[in-house]
Amino acid sequence: MEKLARKQVQALTPYLSARRIGGSGDVWLNANESPFDNTYTLEASRLNRYSECQPPQLIEAYASYAGVAPQQVLTSRGADEGIELLIRAFCEPGEDAILYCPPTYGMYAISAETIGVERKTVPLTDEWQLNLESIEPNLDAVKLVFVCSPNNPTGNLINREDIVSLLEMTKDKAIVVMDEAYIDFCPEASTVDLLSQYPNLAILRTMSKAFALAGLRCGFTLANEELIQVLLKVIAPYPVPVPVADIASAALSKEGLVRAMTQISTLNDNRAFLQTELQAIPDVTVFAGFGNYLLVRFSDGDALFKAAWDAGIILRNSPIKDCVRISIGSREECEKTLNFIKQQLAQFAA
Ligand SMILES: *Cc1c(COP(=O)(O)O)cnc(C)c1O
């Protein structure tokens, strides 16, 4: 049957999500999930009726949280669907291209490839910042430029003045898509205030990380109304199931937001703890991280990753040599991981 599939699809290697890679253990720090398992009550009624394409209560709640107008918000099945909608709406397969800057999130490439849209890459600089001089001559046919900040997997923020330069450079030519999946951990770094100045800016957000709802599948695209209207042309008629809208709205209610802010501050504290403790270990480099994860370099990253895996501590290996990405879990999970790393490195050294 595979031969019947489109050539693009035959050639495709699916995204190796943390969930697909699997593993077994009791410390899961490989998918940047939240350790907080919040409970919700569901009404589970009126399920005989279709959901609204863009449930107004949810849109209004997120608009208010993000500080934008409801007309500037689109909700979708996770930020991942937002990525796909943008490519489908703005890129002509076989003609247009997207541009992104590795090392970064893998789904921009996969969605473009699935849709048959060319991918151009301009690697980040040695400081993991935008290489604007190399981006500029590579913008031919580019309709979307994806920029992830805090960047996954490196954890750093992209310089604001470079984002502004990129928005100027691409004015009337391409859309800059800021992937702010982790911005709730450092809201002061958001580019949301630039929306009023730049009609070519789109921002991706998600409930999966800071709001502890990865399993819910709920994300948002923020942009000016005209851009949102284009996306509404290509979105499925009923993208948001009724229970998803209800739970996401509860998470964004006054009480929900208070809880989220407390959990975010706990995770930021845990990150600072893990960072300080790891840094004190010889031959370990911890890169400054602004999301709920840290990128850590060991003298032999693969060996450390595998040893942790075998011990039931599931981390994420990264495309960056000897680097392992560690999600920030509960304090107990952080301590367990830290102690394991200390023990293991002492053992390697012996
Ligand atoms: C997790 C993640 C997403 C996807 O979020 P979902 O809303 O769960 O689809 C998008 N971008 C980045 C950088 C991520 O790490």
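Just so you know, these numbers use all the heavy atoms, side chains as well, and skip hydrogens, waters and symmetry mates. In each ligand, atom 1 is the first atom listed, and ligand 1 is the first ligand listed.
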Problem - Sequence neighbours excluded - salt bridge (Lys or Arg N to Asp or Glu O under 4.0 Å) pairs with any residue from residues 190-200 - result: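 Non-adjacent pairs meeting salt bridge (Lys or Arg N to Asp or Glu O under 4.0 Å): Arg160-Asp193.
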Practice task
Test Asp179 against every option in Tyr100, Tyr108, Tyr105 by the side chain to side chain donor-acceptor pair (under 3.5 Å) rule and name the one that passes.
Solution key: Tyr108
Handout entry: Arg331 charged N/C atom sitting above Phe273 aromatic ring, 6.0 Å / 45°
Key = yes
Charged N to carboxylate O under 4.0 angstrom, [X] versus [Y]?
X      : Y      : result
Lys143 : Asp96  : yes
Lys342 : Glu277 : yes
Asp246 : Arg46  : yes

Handout entry: Close-range residues for ligand 1, whose non-hydrogen atoms fall below the 4.0 Å threshold
Key = Gly78, Ala79, Asp80, Tyr105, Cys148, Asn152, Asp179, Ala181, Tyr182, Thr206, Ser208, Lys209, Arg217
